[in-house]
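Down below is the structure, laid out as structure tokens.
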Amino acid sequence: MDGNGRWATRRFLPRVAGHKVGVDALRGCVRHCGDVGVKVLTVFAFSSENWSRPADEVSGLMELLALALSREVPQLKAEGVRIHFVGDRAALPPKVRKGLDAAEAATACNDRLVLNICFNYGGRWDIVQAASRLAAAGRPITEQTLAAAMSLSHVPDPDLVIRTGGERRISNFLLWQSAYAEFYFSDKLWPEFDKIELNAAIDDFNRRERRFGLTSGQLASRDPARRAA
Ligand code: FPP
């Protein structure tokens with residue numbers, strides 16, 4: 001969800017004001033995902049590296065998360081959204097940790113849309129924590145055991161990864177899980193990323209040929225519908 005800071009700065013507002021509008025954009029995208037049948041949405045809200053931002057922005061993001069949860073969870077619950085937090089919780093302020101636990105508990109019975117909120121998350125952190133847990137348990141490290149120990153093992157790998165804000169890099173997001181994802185880069189700043197933009201990303205995704213290491217010919221011979229086309 002990149003571009004909140006620039007959105008605010010261009011309007012002579014503090015960066016945190018951009019994050020606040022970012023929550024509105026997120027609400028719209030969550031709702032639209034539910035409406036169009038997306039089953040899992042994973043968003044990057046605070047990276048392991050974001051601690052190095054100015055102190056007022058870091059504390060602003062912590063407060064915003066706590067506030068957004070208290071305001072949004074009842075409606076998300078009513079809309080069938082199940083919330084999961086992904087990341088290292090130990091370093092978060094107790095008030096924030098309590099909010100995360102409460103949001104997860106309140107929505108635990110929902111299954112219309114899983115919303116994973118990556119907070120104090122990094123793709124490298126996730127690989128290291130998974131490998132460390134396996135090593136501590138004396139278990140072998142294989143592709144299967146590592147995948148099962150990762151923090152997103154409760155959902156399938158992503159089909160589509162969208163980055164807003166005009167950057168063309170992955171910035172430590174879903175490093176393991178995005179091995180076969182399709183990438184979509186939008187020049188829109190996150191506060192401007194609405195359902196029209198999301199539809200454009202989904203339409204673009206639907207035009208891609210996903211080969212998973214195979215050839216187009218192999219895919220066609222497996223799928224009679226593609227052969228006919
Ligand atoms: C990156 O854009 C965005 C963030 C570090 C924060 C994302 C947070 C939200 C959308 C709102 C909070 C989320 C929850 C779940 C409460 P940037 O600020 O780095 O943008 P810039 O590149 O323009 O500076």
Side-chain angles (χ1 to χ4, degrees), residues 1-34 38 41-76 79 81 83-89 91-100 103 113 115-123 125 158 160-174 178 183-202 204:
M1 298 186 286
D2 199 9
N4 295 341
R6 276 167 286 165
W7 185 92
T9 304
R10 284 176 197 173
R11 287 161 180 76
F12 306 103
L13 294 168
R15 292 177 56 85
V16 174
H19 298 314
K20 281 188 186 148
V21 183
V23 174
D24 299 335
L26 178 56
R27 186 190 308 110
C29 282
V30 170
R31 192 157 292 156
H32 192 58
C33 281
V38 170
L41 174 65
T42 301
V43 295
F44 204 178
F46 191 87
S47 76
S48 318
E49 293 76 30
N50 286 154
W51 291 107
S52 308
R53 290 195 172 197
D56 61 336
E57 184 171 348
V58 172
S59 62
L61 278 164
M62 297 293 156
E63 278 166 30
L64 187 58
L65 176 63
L67 183 70
L69 289 177
S70 66
R71 284 196 184 151
E72 309 283 343
V73 166
Q75 187 59 30
L76 291 170
E79 290 172 11
V81 177
I83 300 175
H84 277 277
F85 284 93
V86 179
D88 185 1
R89 298 181 191 211
L92 299 176
K95 184 177 153 195
V96 174
R97 282 208 306 265
K98 261 172 112 173
L100 308 190
L113 169 69
L115 172 62
N116 296 308
I117 301 178
C118 295
F119 205 89
N120 198 18
Y121 166 90
W125 163 83
L160 172 62
V161 175
I162 300 172
R163 180 166 189 162
T164 59
E167 314 293 357
R168 266 85 176 142
R169 53 177 178 264
I170 192 67
S171 299
N172 205 11
F173 188 51
L174 304 184
S178 65
F183 285 82
Y184 182 88
F185 296 101
S186 167
D187 290 332
K188 288 277 174 190
L189 303 178
W190 175 251
E192 298 162 342
F193 194 83
D194 57 13
K195 67 179 184 182
I196 294 169
E197 301 299 324
L198 185 50
N199 282 341
I202 295 172
D204 189 86

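- With Trp190 contributing its side chain and Gly22 its backbone, the two residues share a donor-acceptor pair below 3.5 Å.
- Asn50 and Val58 make their closest contact through O-CG2, 3.5 Å (heavy atoms, listed as atom of the first residue, atom of the second, distance).
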Exercise for the section: Given side-chain contact (heavy atoms from CB on, under 4.5 Å), test Val43 with Val30 step by step and report yes or no. Expected result: CA-CA 10 Å; Val43 295; Val30 170; over 6 Å; no
Handout entry: Derivation of the side-chain contact (heavy atoms from CB on, under 4.5 Å) call for Phe85 and Leu92
Key = CA-CA 12 Å; Phe85 284 93; Leu92 299 176; over 6 Å; no
Exercise for the section: Run the numbers on Gln75 and Arg31 for side-chain contact (heavy atoms from CB on, under 4.5 Å), then give the verdict. Expected result: CA-CA 10 Å; Gln75 187 59 30; Arg31 192 157 292 156; 3.7 Å; yes
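- Residues Lys188 and Thr164 share a closest heavy-atom pair of O-CB, 3.3 Å.
- To the nearest 0.5 angstrom, Arg53 atom CZ is 5.0 Å from Arg15 atom CZ.
- A heavy-atom distance below 4.5 Å is not found between the side chains of Val21 and Asn4.
- Between Ser178 and Pro158 the shortest heavy-atom distance is CA-CG, 4.3 Å.
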Practice task
Go through the steps to decide whether Met62 and Leu65 satisfy the test side-chain contact (heavy atoms from CB on, under 4.5 Å), and finish with yes or no.
Solution key: CA-CA 5 Å; Met62 297 293 156; Leu65 176 63; 5.9 Å; no
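- Between the CZ atom in Phe119 and the CG atom in Asp88 there is a gap of 12.0 Å [rounded to 0.5 Å].
- Between Leu189 atom CG and Asp2 atom CG the span is 8.5 Å, to the nearest 0.5 Å.
- Side-chain atoms of Asn199 never come within 3.5 Å of backbone atoms of Ile202 as a donor-acceptor pair (strictly under, hydrogens ignored).
- To the nearest 0.5 angstrom, Arg163 atom CZ is 8.0 Å from Ile170 atom CD1.
- Neither side chain, Asn116 nor His84, offers a donor N or O lying under 3.5 Å from an acceptor on the other.
- A donor-acceptor pair under 3.5 Å is absent between the side-chain atoms of Tyr121 and the main chain of Ala45, judged by distance alone.
- The closest donor-acceptor contact from the side chain of Arg168 to the backbone of Gly166 lies under 3.5 Å.
- Annotation: side chain of Trp125 is not in contact with side chain of Asn172 (no heavy-atom distance under 4.5 Å).
- Other residues, nucleotides and ligands place more than 12 heavy atoms under 6.0 Å from the CZ atom of Arg89.
- Side-chain contact between Cys118 and Thr42 is present, with at least one heavy-atom pair separated by less than 4.5 Å.
- The shortest heavy-atom contact between Ala68 and Val23 is CB-CG1, 4.1 Å.
- A salt bridge links Glu167 with Arg6: at least one charged nitrogen is closer than 4.0 Å to a carboxylate oxygen.
- A side chain to side chain contact (heavy atoms under 4.5 Å, CB included) with Leu41 is found for one member of Val81, Leu198, Leu113 and no other, namely Leu113.
- Using cut-offs of 30° and 60° on the angle between ring planes, the pair Trp51 and Phe46 is perpendicular.
- Cys29 SG to Ile162 CD1: the interatomic distance, rounded to the nearest 0.5 Å, is 7.5 Å.
- Put simply, CD on Glu79 and SG on Cys33 are 12.0 Å apart, with the number rounded to the nearest 0.5 Å.
- In terms of heavy-atom proximity, Tyr184 sits nearest to Ala200 at OH-CB, 3.9 Å.
- Heavy-atom minimum distance, Ala201 versus Leu160: O-CD2, 4.0 Å.
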